[in-house]
Q: 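I have a structure I would like to understand better, so I am pasting it below and will then ask my questions one at a time.
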Amino acid sequence: MADTKAVDPGAAEPDGKQPQPKSVRVVLLALMITMMLAMLDNMIVGTAMPTIVGELGGLEHLSWVVTAYTLATAASTPLWGKIGDMYGRKGVFMASIVLFLIGSALSGMAQDMGQLIAFRAVQGLGAGGLMVGVMAIIGDLIPPRERGKYQGMMAGVMALAMIAGPLVGGTITDHWGWRWAFYINLPLGVVALAAISVVLHLPKKRAQARIDYLGAALLTVGITAIVLVTTWGGTEYAWTSAMIMELIGIGVAALVGFVFWQTKAAEPVLPLHIFRSRNFTLMSVIGFITGFVMFGATLFLPLYQQSVQGASATNSGLLLLPMLGAMLVTSMVAGRVTTNTGRYKVFPVVGSVLMVVGLYLLSLMDTDTSRLTSGVYMAVVGFGMGCLMQITMLVAQNSVEMKDMGVASSSTTLFRTLGSSFGVAIMGALFNSRVQDVMAERGGELGAKVTEQSAQVDAAGLARLPEAVRDAYQHAVSAGTHSAFLLGAVVAVVALAAAVFVKEVPLRGAGPKGDAEAADGASARVAVVEAV
């Protein structure tokens, strides 16, 4: 027998604390599992790719396995957020999980590279709704003042995914086969679906307005062009090639058309009025910069430690532990302080400062830098990102009305995703250029030939090189990481400038005014079913 209770996340108990039934915690656990699925997938699949290519062939299409997923995720992210706002969060979120699981199952059954790329696109469409759904439902369940307590949980999931991904991917591929890199999503997804279906009951919505199909199409074309430019530029095509120039033109035209149309649409995909909030706009900028820096760091740090410091590629995830551990600890502390005091501006400011300093320190690494020293430098960056990762989402959600919670969550996620695309592309282009220049200077003709096709040499290839060329390559990688991280430090200054202008608006749920604002959000009233 079950009893249904209405729990208003904006209504505080007499002692000022929010009611947190056990069933709400069950929902949060299911949300964290779903978040893990979204973050873990690419890292597991990346480790399995050599085996996949060995069985399916199609080496020339290898990059599309990742690109198809990334494109579909980025393009669908804003749509999932808007549809959730219009038609109800729970059903839309569950639909995204089901689509992700269908894509996972089909990817595991793929018989050739073409099928795998197509099924990865299906998986990416579902993945676009996973992170957005998690953030928006947490926004519905828990008012901003209390939400800080759960930052540590979200940061922990992120850190665990980044550390465990390569290790889990390698273990699964070696013992069960590469298909289980996709099948592993199914039991976890079913558990999350079951918990959400039984325990979470959000009010159903039915919007009268139709979905803005033209706006969705223009945004999809614009995002697709941007991601392709950042993915292909400097690798598949030269930055000045006709293909890249055409993609830039198409992307700019589509996005300009999108912005114009959003002022006319009855139910815009991305309501421009949310950018009237100074804090929301600043958080979008900071989120973009954080994505730029974070994914650039996670790409080049393992490469530096493997090539220059002689670390094992098998434990590449563990190499990032100082940065990810610092990020986890700081995120937990920031969340607790925010919940207890209601104050948060200090964290974007301090976080941006630490990020600038940490990236500058990383740019100083050379062939003689010890693992301890580089670990300390990584920790400084981690402390900075820990202050920023979840606070950006918290402040962004606090800056919009409850009816726009999904759009706010999807926009913040999208800007971070686009930031990561630009970060990997621009820092990667700078790194590759510097490595090739130094190899030509120090390694002579053989050195130039070694990096002619790619600036990244695997461990086996590095071991086969003559000692003089290997030494030149280590100096080249040091020079490349110096340039990449120095650029990251310069870009992070923009985040610091944005953080300075953040206005500390009281978090909903913080005091009588905040409680009244949160209680006004009827869409956030949650019916929690508890067994008696």
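Remember, predicted model here, so these are calculated numbers, not experimental data.
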Q: Measure across F258 and G215 and return the closest heavy-atom pair with its distance rounded to 0.1 Å.
A: CD1-O, 3.2 Å
Q: Can you name the nearest heavy-atom pair linking L130 to S96, along with the distance?
A: CD2-OG, 3.7 Å
Q: Any chance you could measure D404, atom CG, to S410, atom OG, to the nearest 0.5 Å?
A: 10.0 Å
Q: Of the non-hydrogen atoms in A396 and A408, which two are nearest, and what is the gap between them?
A: O-CB, 4.3 Å
Q: Compare every heavy atom of A30 with every heavy atom of I196, then report the nearest pair and how far apart it is.
A: CG1-CB, 3.8 Å
Q: With side chain to side chain donor-acceptor pair (under 3.5 Å) as the rule and sequence neighbours excluded, what pairs involving residues 280-292 come up?
A: none
Q: Counting only N and O atoms by type, is there a donor-acceptor contact under 3.5 Å from the side chain of T224 to the main-chain atoms of T220?
A: yes
Q: Name all residues meeting the ring pair (Phe, Tyr, Trp, His ring centres under 6.0 Å) criterion together with F280; count only those two or more places apart in sequence or in a different chain, and write none if there are none.
A: F275
Q: Any heavy-atom pair between the side chains of S352 and V356 that's under 4.5 Å?
A: no
Q: Within the distance-only criterion (no hydrogens, no angle test), does the side chain of N398 pair as donor or acceptor with the backbone N or O of L394 below 3.5 angstrom?
A: no
Q: Using side-chain heavy atoms (C-beta onward) and a distance below 4.5 Å, is H273 in contact with V400?
A: no
Q: I need the I391 CD1 to S331 OG distance, nearest 0.5 Å.
A: 7.5 Å
Q: Please give me the minimum heavy-atom distance between F292 and L487, naming the atom from each residue.
A: CZ-CD2, 4.5 Å
Q: What's the separation between atom CG in L219 and atom CG in L79, rounded to the nearest 0.5 Å?
A: 6.5 Å
Q: Please check: side-chain N/O of H482 versus main-chain N/O of S363, any donor-acceptor pairing under 3.5 Å?
A: yes
Q: Measure the shortest side-chain to side-chain distance between M355 and I289 over non-hydrogen atoms and say whether it is less than 4.5 angstrom.
A: yes
Q: Which distance, rounded to the nearest 0.5 Å, do you find between the OH of Y304 and the CE of M378?
A: 9.5 Å
Q: Do P78 and I223 make a side-chain contact, defined as non-hydrogen atoms from C-beta onward lying under 4.5 Å apart?
A: yes
Q: Counting only N and O atoms by type, is there a donor-acceptor contact under 3.5 Å from the side chain of Q262 to the main-chain atoms of V269?
A: yes
Q: Where do R416 and T392 land on the side chain to side chain contact (heavy atoms under 4.5 Å, CB included) test, with the steps shown first?
A: CA-CA 10 Å; R416 188 176 297 172; T392 52; 2.9 Å; yes
Q: Determine whether V376 and T373 satisfy the following criterion, side chain to side chain contact (heavy atoms under 4.5 Å, CB included), listing intermediate values before the conclusion.
A: CA-CA 5 Å; V376 171; T373 302; 5.8 Å; no
Q: With a 4.5 Å heavy-atom cut-off, do F93 and V134 have their side chains touching?
A: yes
Q: Can you name the nearest heavy-atom pair linking A74 to T417, along with the distance?
A: CB-CG2, 4.2 Å
Q: Working to the nearest 0.5 angstrom, can you tell me the gap between L31 CG and L200 CG?
A: 7.5 Å
Q: For F288, check ring pair (Phe, Tyr, Trp, His ring centres under 6.0 Å) against everything at least two apart and list the hits.
A: F422
Q: Decide yes or no for Q397 and M393: does some side-chain heavy atom of the first lie under 4.5 Å from some side-chain heavy atom of the second?
A: yes
Q: May I have all residue pairs that pass ring pair (Phe, Tyr, Trp, His ring centres under 6.0 Å) and include part of residues 388-410, sequence neighbours excluded?
A: none
Q: Which is it for F485 and M427 under the side chain to side chain contact (heavy atoms under 4.5 Å, CB included) test, yes or no, and what are the steps along the way?
A: CA-CA 8 Å; F485 287 126; M427 293 173 76; 4.3 Å; yes
Q: Heavy atoms, side chains only, cut-off 4.5 Å: are S420 and M294 in contact?
A: no
Q: Measuring only between side-chain heavy atoms, which start at C-beta, is S399 closer than 4.5 Å to M283?
A: no
Q: For V407, check side chain to side chain contact (heavy atoms under 4.5 Å, CB included) against everything at least two apart and list the hits.
A: K82, D85, L270, P271, I274, S411
Q: Can you list the residues that meet the side chain to side chain contact (heavy atoms under 4.5 Å, CB included) rule with L354, with sequence neighbours excluded?
A: V350, V380, F383
Q: Can you name the side chain to side chain donor-acceptor pair (under 3.5 Å) partners of T73, sequence neighbours left out?
A: none
Q: Indicate every side-chain donor-acceptor pair of residues 492-504 with a distance under 3.5 Å to a residue at least two apart or in another chain.
A:
residue	atom	partner	partner atom	Å
E504	OE1	R343	NH2	3.1
E504	OE2	Y344	N	2.5
E504	OE2	K345	N	2.8

Q: Apply side chain to side chain contact (heavy atoms under 4.5 Å, CB included) to L486 and Y360, showing your working.
A: CA-CA 6 Å; L486 194 60; Y360 175 72; 4.0 Å; yes
Q: Distance check, rounded to the nearest 0.5 Å: M405 atom CE versus I138 atom CD1?
A: 11.0 Å
Q: Please identify each residue that fulfils side chain to side chain donor-acceptor pair (under 3.5 Å) with T369, with sequence neighbours left out.
A: D366
Q: List the residues meeting side chain to side chain donor-acceptor pair (under 3.5 Å) with T263, not counting sequence neighbours, and say none if there are none.
A: none
Q: Any donor-acceptor pair under 3.5 Å linking the side chain of T481 with the backbone of S478?
A: yes
Q: According to side chain to side chain donor-acceptor pair (under 3.5 Å), who are the partners of S104, at least two apart in sequence or on a separate chain?
A: Q123, N185
Q: Return the set of residues passing side chain to side chain contact (heavy atoms under 4.5 Å, CB included) with L125 (not counting sequence neighbours), or none when no residue passes.
A: A72, S76, L99
